[in-house]
Amino acid sequence: MNFLIPLQVKKAIQILNDNGFEAYIVGGCVRDFLLNLTPSDFDITTSALPEEILSTFSDYKTIETGLKHGTVTVVIESMHLEITTYRVDGEYKNNRHPDEVFFTRNLKEDLKRRDFTVNAMAYHPQEGLIDCFNGQDDLRNKIIRCVGEPEKRFTEDALRILRAMRFASVLGFNVEEKTFDAACKLKQLINNISSERINSELNKLLLGESCLEILNNFKEIIFEFIPELKPLDGFSQNNIFHIYDMYMHTLVSVASCPENIILRLTMLFHDIGKPDTYTEDENGIGHCYGHAKISEEKARIILRRLKYDNHTISTVTTLIRYHDADIALTEKAVKRWLNKTGEENFRLLLEVKRADTRALSEHIIEERLKYFDEILLILKKINEENQCFSLKDLAVNGKDVIEKTGSKGAETGIILKMLLNKVMENELENDVTSLLNYAKTIDLSRLL
Ligand code: ATP
Ligand code: MG
């Protein structure tokens with residue numbers, strides 16, 4: 001076992017040891033090393049009390065990050081290192097935060113308060129791995145297991161329920177049976193977790209390699225904080241295009257799109273309006289006319305509740321609004337779409353449509369995917385030929401139009417839009433003379 005620990009981290013450990021304290025790297029970085037992944041950050045745990053950390057590093061810049069919880073940030077050669085005193089958590093309040101924490105000089109006590117066995121290992125460059133709860137075995141067997149009694153650990157801090165799901169999704173692990181049972185049993189405690197924390201765990205979960213399995217196996221927990229998804233579960237679509245029920249279709253589409261959170265959220269909510277709009281025709285075939293609009297409205301409410309930022313909300317809801325719309329295979333049609341959504345969102349919309357397609361019946365997938373390839377070819381041609389599809393690309397602006405036609409107020413905007421339409425329909429060249437000559441022929445008295 002030879003971990004590539006940054007020199008600054010080794011130095012911090014050495015300095016603490018030289019001053020008579022124990023010190024180890026701990027938690028996520030040890031787990032990531034053992035998985036041959038590059039750790040994103042390094043946490044150091046030590047027997048030194050916060051004041052002792054401060055005095056040990058008196059020659060260095062230190063920041064009192066969370067002194068009450070025992071954390072000091074030390075800057076060594078421009079690297080910010082979080083050093084935390086071995087700690088035992090006191091009574092938990094509200095299923096989230098310990099009321100108080102106690103410091104200890106015993107490493108095992110500190111490892112014991114950590115959430116999962118794979119996150120409860122420490123490592124020292126000379127001593128090697130400290131693994132009191134068989135974390136290494138669980139890593140090898142790809143298992144997420146609580147340290148100690150799962151029910152107790154989830155009751156202390158219900159965020160751990162979502163963390164278990166997130167780690168299982170990201171690492172492609174299974175959740176050990178007792179841990180799983182306790183998570184399901186205590187799912188209502190999720191209601192005590194802040195929306196911001198749910199948001200950040202949900203994002204990581206959705207981007208994980210096993211998101212489909214986790215969203216399915218833990219659906220009862222997902223429905224606890226997104227109850228709007230529950231009606232999709234087991235709802236048959238009764239339509240030859242579909243082989244899955246609405247919930248499974250949703251999950252397959254989530255897992256079928258690129259690892260981009262905007263796309264994954266869009267897929268998670270794109271059909272959420274289907275149960276409300278479901279009808280059967282005289283042949284018993286299911287339809288959900290107008291579901292995109294209901295999905296959009298519900299998604300907006302959910303995303304606001306989960307405190308997503310405005311850009312995410314507006315992009316996701318736009319993509320949901322159009323996810324089921326037809327895009328004709330013509331330059332004119334594609335330009336109209338580009339005008340409506342902008343190129344970036346149009347490309348995302350194509351990804352949404354691809355993911356939606358991959359979650360349909362086998363027999364139509366290939367043909368539909370080819371269709372989207374053709375749309376991309378049209379888009380490429382439009383770009384290569386620098387074809388105009390927005391007002392900013394038009395060869396004339398409002399000032400030109402006013403000068404030429406004498407238009408006033410809202411008239412100018414209407415004329416510009418008319419010119420743009422003519423250009424997008426290939427009925428007018430995008431050059432100043434043809435545009436302004438045409439503008440001159442417009443009868444202003446009939447505009448407003
Ligand atoms: P990543 O940083 O990749 O999300 P991580 O395991 O480093 O994963 P952090 O949130 O950075 O996760 O936490 C660092 C360590 O602190 C964890 O590995 C775990 O040992 C402990 N920990 C974090 N959150 C909790 C919690 N809610 N309950 C118990 N221990 C926790
Ligand atoms: Mg971390």
Q: Just do the side chain to side chain donor-acceptor pair (under 3.5 Å) check on N238 and S236 with the steps written out, would you?
A: CA-CA 6 Å; N238 291 322; S236 164; 3.2 Å; yes
Q: Find out whether Y24 and V30 are in side-chain contact, i.e. whether some heavy atom of one side chain is under 4.5 Å from a heavy atom of the other.
A: no
Q. Tell me the salt bridge (charged side-chain N to carboxylate O under 4.0 Å, His left out) pairs involving residues 45-56, sequence neighbours left out?
A. E52-R105
Q) Any chance CD of E220 has more than 12 other-residue heavy atoms, nucleotides or ligands included, within less than 6.0 Å? A) yes
Q: Kindly give the heavy-atom pair with the smallest separation between R358 and I365, and that separation in Å.
A: O-CD1, 3.6 Å
(Q) Could you go through E343 and N383, starting from their C-alpha distance and side-chain angles, then the distance that decides it, and tell me whether this counts as side chain to side chain donor-acceptor pair (under 3.5 Å)? (A) CA-CA 10 Å; E343 183 171 342; N383 277 333; 3.1 Å; yes
Q.
Between R113 and E109, does any side-chain N to carboxylate O distance fall below 4.0 Å?
A. no
Q: Can you establish whether the number of heavy atoms outside Q188 located under 6.0 Å from its atom CD is more than 12?
A: no
Q | All pairs passing side chain to side chain donor-acceptor pair (under 3.5 Å) where residues 69-82 contributes a residue, at least two apart | A | K11-E77, T65-T73, T71-T84
Q: Rounded to the nearest 0.5 Å, what's the gap from CD1 on I320 to OG on S295? Could you check?
A: 6.5 Å
Q: Return each pair, listed once, that meets ring pair (Phe, Tyr, Trp, His ring centres under 6.0 Å) where at least one residue sits in residues 149-187; pairs must be two or more places apart or across chains.
A: F180-F218
Q. Which residue pairs satisfy the salt bridge (charged side-chain N to carboxylate O under 4.0 Å, His left out) criterion with at least one member in residues 55-66, sequence neighbours excluded?
A. none
(Q) Restricting to salt bridge (Lys or Arg N to Asp or Glu O under 4.0 Å), what partner residues turn up for D137, sequence neighbours left out? (A) R140
Q) Can you find a heavy atom in the side chain of L229 that is under 4.5 Å from one in the side chain of L268? A) yes
Q | Gap separating the OG1 atom of T250 from the CD1 atom of I272, nearest 0.5 angstrom | A | 8.0 Å
Q) Just wondering, do K187 and I161 contact through their side chains at under 4.5 Å, heavy atoms? A) no
Q.
Before you tell me yes or no, could you show the steps for D138 and T117 under side chain to side chain donor-acceptor pair (under 3.5 Å), namely the whole-Å CA-CA distance, both residues' side-chain angles and the distance that decides it to 0.1 Å?
A. CA-CA 7 Å; D138 284 342; T117 58; 2.7 Å; yes
Q. Would a distance-only check, ignoring hydrogens and angles, find a side-chain to backbone donor-acceptor pair under 3.5 Å from D157 to R153?
A. no
(Q) Is it true that, when you exclude Y371 itself, more than 12 heavy atoms of the residues, nucleotides or ligands shown sit nearer than 6.0 Å to its OH? (A) yes
(Q) Within this structure, what is the CG-NZ distance for the pair L162 and K204, rounded to the nearest 0.5 Å? (A) 11.5 Å
Q: Mind listing the closest non-hydrogen atom pair of N345 and L319 along with its distance?
A: O-CD2, 3.6 Å
**Q.** Stepwise side-chain contact (heavy atoms from CB on, under 4.5 Å) test for T56 and L16
**A.** CA-CA 7 Å; T56 302; L16 284 162; 4.3 Å; yes
Q.
As a quick check of understanding, evaluate side-chain contact (heavy atoms from CB on, under 4.5 Å) for E362 and I243, giving each step before the final call.
A. CA-CA 8 Å; E362 197 79 45; I243 41 170; 5.7 Å; no
Q.
So, using ring pair (Phe, Tyr, Trp, His ring centres under 6.0 Å) as the criterion, who are the partners of H242 when residues are at least two apart?
A. H249
Q: Check the surroundings of atom CD in E196: do more than 12 heavy atoms from other residues, nucleotides or ligands lie under 6.0 Å from it?
A: yes
Q. Are the aromatic rings of F42 and F3 close, with centres under 6.0 Å apart?
A. no
Q. What closest approach, in Å, do F225 and I221 show between heavy atoms, and which atom pair accounts for it?
A. CD2-O, 3.3 Å
Q) For C388, does its backbone N or O pair with a side-chain atom of D393 as donor and acceptor, under 3.5 Å? A) no
(Q) How close do F389 and N339 get, counting heavy atoms only, and between which atoms? (A) O-ND2, 2.9 Å
Q: Decide yes or no on side-chain contact (heavy atoms from CB on, under 4.5 Å) for F269 and T317, but give the supporting numbers first.
A: CA-CA 9 Å; F269 301 133; T317 50; over 6 Å; no
(Q) Quick one: does any side-chain atom of N192 pair with a main-chain N or O of N95 as donor and acceptor, under 3.5 Å? (A) no
(Q) So does A359 get a backbone contact from the side chain of S253, meaning a donor-acceptor N/O pair under 3.5 Å? (A) no
**Q.** Neighbour count >12 (heavy atoms, 6.0 Å) for atom CG, D373
**A.** yes
Q | E385 atom CD: more than 12 heavy-atom contacts under 6.0 Å | A | yes
Q. When the ring centroid of F235 is compared with that of Y278, is the distance short of 6.0 Å?
A. yes
Q.
Please report the interatomic distance CG(D276) to CD1(I294), rounded to the nearest 0.5 Å.
A. 6.5 Å
Q. Can you tell if the side chain of I76 reaches within under 4.5 Å of the side chain of F57, non-hydrogen atoms only?
A. yes
Q. Does D271 use its side chain to pair, donor to acceptor, with the backbone of K274 at less than 3.5 Å?
A. no
Q) Does the pair E296/R300 count as a salt bridge with the N-to-O cut at 4.0 Å? A) yes
(Q) Quick check: closest heavy atoms across L129 and Y123, and the distance to 0.1 Å? (A) N-CD1, 3.7 Å
Q: Inspect the surroundings of CG in D326 and state if more than 12 heavy atoms from other residues, nucleotides or ligands are less than 6.0 Å away.
A: no
**Q.** Side-chain donor/acceptor of K353 to backbone N/O of H323, under 3.5 Å
**A.** yes
Q) Which of these passes side-chain contact (heavy atoms from CB on, under 4.5 Å) with Y289: T277, T279, D324? A) T279
(Q) Less than 6.0 angstrom from the centroid, inside 45 degrees of the normal: does R114 satisfy that with respect to the ring of F133? (A) no
Q) Under 3.5 Å, is there a donor-acceptor pair between the side chain of N199 and the main chain of L306? A) yes
Q: Begin with the C-alpha distance, continue with both residues' side-chain angles, and end with the deciding distance and a verdict on side-chain contact (heavy atoms from CB on, under 4.5 Å) for M121 and L139.
A: CA-CA 11 Å; M121 291 179 275; L139 264 192; 4.0 Å; yes
Q) Which distance, rounded to the nearest 0.5 Å, do you find between the CZ of F116 and the OG1 of T179? A) 7.5 Å
Q.
For V118 versus I143, what's the shortest heavy-atom pair and its separation?
A. CG1-O, 3.7 Å
(Q) Are there over 12 heavy-atom neighbours, none belonging to K230, within less than 6.0 Å of that residue's NZ? (A) no
Q) If we only count heavy atoms from C-beta on, is the T38 to D32 side-chain gap below 4.5 Å? A) no
Q) Hey, are the side chains of I364 and I240 touching, using non-hydrogen atoms and a 4.5 Å cut-off? A) no
Q: Output yes when a side-chain donor or acceptor of S47 lies under 3.5 Å from a complementary backbone atom of E22, and no otherwise.
A: yes
Q. Between atom CE of M424 and atom CD1 of I382, what is the distance when rounded to the nearest 0.5 Å?
A. 10.0 Å
Q.
Given 3.5 Å as the limit, does a donor-acceptor pair link the side chain of N17 with the main chain of F21, or not?
A. yes
Q: Say whether, by atom type as modelled, one donor and one acceptor occur between the side chain of R264 and the main chain of L206 under 3.5 angstrom.
A: yes
